[in-house]
Chemist: 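Right, I'll just put the structure down here and ask away after.
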Amino acid sequence: MKQQHITVFGSFVVDLMSRAPHLPVPGETVKGSMFRIGPGGKGFNQGVAAKKAGADVTMVTKIRRDTFGNIALNTMKELNMDASHVFFSEKSETGAALIMVDENTSQNAIMVTLGACSEITEEDVDSIEETVKNSGYLLTQLETNVDAVERVVDMAHRYGVTVVLNTAPVQPISDELLKKVDIITPNEVEAEILTGIKVDNEGNAQKAAEYFFGKGIKTVVITLGKRGVFVSTAQKHGILPVPKVDVLDTTGAGDAFNGALVASLAEGKDIWEACVFANAAASISVTRLGTTPAMPVRSEIDRFLSEHK
Ligand code: RIB
């Protein structure tokens, strides 16, 4: 099967990441042990994850022509990614995320200011119609302005493009949007917030999946952190475990998963095989620091899979 094109529509922000012995409580100053600045944003992380996994990707996002915006453009150049669908804001700066990571537990706290990527206009979306139309998949999240997500999902749905929605950062989603989604990929916390069902075992995960089926979605993939991933379709459901790895930083693991998932689907793999591939990508990413730079390349994913059969 010919590899299908993927449009990734989402946020770009610069990640300012600090590690420290513990996360500060309000009013406390904690001395950090290291600081790193680099490309991030859920949309961009997912686009890079898909590209590095071997996919044919168009990244759609919005930045400003400023110092942080240049980090997006330089990263895309380094990775040989097409930047012709990057929009430029005249109003707001390129966004930034302040990420604090506890070096003992690997837990994090993130404060993200979206800036330019929360200003994607109707005209911006309409200008990418040809690209969306010629894609096999649209992968998007909820980190840009939601009216733009709704518009691009509607466009993809009209052309029969498979819509994959990663529900991060979680927020209420209209039924109108959900009914145009083919594959939904919440984590367990997001699944609970969206469905009202605590995803604490396989039976409850299936109940949450049935909630989404009731909204018109055909495939539900709930990531469960180190417990693996729950997959549910009309034919079959179950949990795919993840191999044990030495975790350094979990930030962006969901993005590694989503990008690799769609990369594998676009190669014609079924949802189960694609989730195994995506689990491998996410497992590698948590052994590294940072987000976009932690995304593994194809040969690393293939090696990981052959070592963890
Ligand atoms: O999912 C991780 C991402 O979320 C980080 O790169 C940060 O930018 C935040 O938006």
Side-chain angles (χ1 to χ4, degrees), residues 8-19 23 35-52 59-64 66-69 71-72 74-76 79 81 86 92-102 106-120 139-146 148-149 164-171 185-191 193 221-225 229 247-262 278 281-296:
V8 181
F9 184 96
S11 54
F12 172 85
V13 301
V14 164
D15 285 349
L16 303 150
M17 190 268 280
S18 268
R19 283 166 72 80
L23 298 180
F35 170 76
R36 212 173 256 187
I37 180 164
K42 293 180 194 301
F44 197 77
N45 293 339
Q46 293 181 19
V48 168
K51 172 75 183 177
K52 287 174 93 174
M59 182 74 225
V60 184
T61 189
K62 194 157 187 168
I63 57 176
R64 188 172 181 135
D66 55 15
T67 311
F68 282 3
I71 293 179
N74 292 339
T75 306
M76 292 179 86
L79 295 174
M81 288 173 83
V86 174
S92 298
E93 314 292 315
T94 303
L98 310 176
I99 304 178
M100 292 181 287
V101 181
D102 181 320
S106 299
Q107 279 184 315
N108 63 46
I110 303 179
M111 189 183 287
V112 60
T113 308
L114 297 172
C117 70
S118 65
E119 293 168 0
I120 302 177
L139 170 61
T140 190
Q141 320 74 29
L142 301 171
E143 205 171 44
T144 53
N145 44 314
V146 173
V149 174
V164 182
L165 177 67
N166 174 230
T167 55
V170 69
Q171 55 201 281
T185 66
N187 65 24
E188 55 200 313
V189 175
E190 292 157 1
I193 292 170
V221 174
I222 306 177
T223 52
L224 307 170
V229 56
V247 177
L248 196 57
D249 181 4
T250 58
T251 326
D255 301 331
F257 181 91
N258 277 278
L261 176 77
V262 180
S283 298
I284 299 169
S285 78
V286 300
T287 64
R288 299 172 175 172
L289 289 180
T291 53
T292 293
M295 302 304 161

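Remember, it's 1-based here, ligands and their atoms both numbered in the order they're listed.
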Chemist: Counting non-hydrogen protein atoms only, what is the nearest one to atom 4 (O) of ligand 1? Give residue, atom name and distance.
Modeler: K42 NZ, 3.2 Å
Chemist: Look at atom 9 (C) of ligand 1 and say which protein heavy atom is nearest, naming residue and atom and giving the distance to 0.1 Å.
Modeler: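 It is E143 OE2, 3.7 Å.
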Chemist: Against heavy atoms of A97, which atoms of ligand 1 measure under 4.0 Å?
Modeler: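 Atoms satisfying the 4.0 Å criterion: 7 (C), 8 (O).
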Chemist: Could you identify the single nearest non-hydrogen protein atom to atom 7 (C) of ligand 1 and state the distance to 0.1 Å?
Modeler: D15 OD1, 3.2 Å
Chemist: Taking only heavy atoms of D255 into account, list the atoms of ligand 1 that are under 4.0 Å away from them.
Modeler: 1 (O), 2 (C), 3 (C)
Chemist: Do P186 and V170 come within less than 4.5 Å of each other through their side chains, counting heavy atoms only?
Modeler: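 Not in contact.
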Chemist: Which one holds for N45 and ligand 1: side chain close, backbone close, both close, or neither close, with close meaning a heavy atom under 4.0 Å?
Modeler: side chain
Chemist: Kindly indicate whether the side chain of L248, heavy atoms from C-beta on, has any atom under 4.5 Å from the side chain of L289.
Modeler: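 A side-chain contact exists here, since the closest heavy-atom pair is under 4.5 Å.
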Chemist: So, does G41 sit close enough to ligand 1 that a heavy atom of it is under 4.0 Å from the ligand?
Modeler: yes
Chemist: Side-chain donor-acceptor pair under 3.5 Å between D249 and S106, yes or no?
Modeler: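 Side chains of D249 and S106: no pair found under 3.5 Å.
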Chemist: Under 3.5 Å, is there a donor-acceptor pair between the side chain of S285 and the main chain of M295?
Modeler: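 The answer is no, because no donor-acceptor pair under 3.5 Å joins these two groups.
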Chemist: Do any N or O atoms from the side chain of T140 and from the backbone of F9 form a donor-acceptor pair under 3.5 angstrom?
Modeler: yes
Chemist: T61 side chain to G10 main-chain N or O, any donor-acceptor pair under 3.5 Å?
Modeler: yes
Chemist: For ligand 1, which atoms have a heavy atom of V13 less than 4.0 angstrom away?
Modeler: 8 (O)
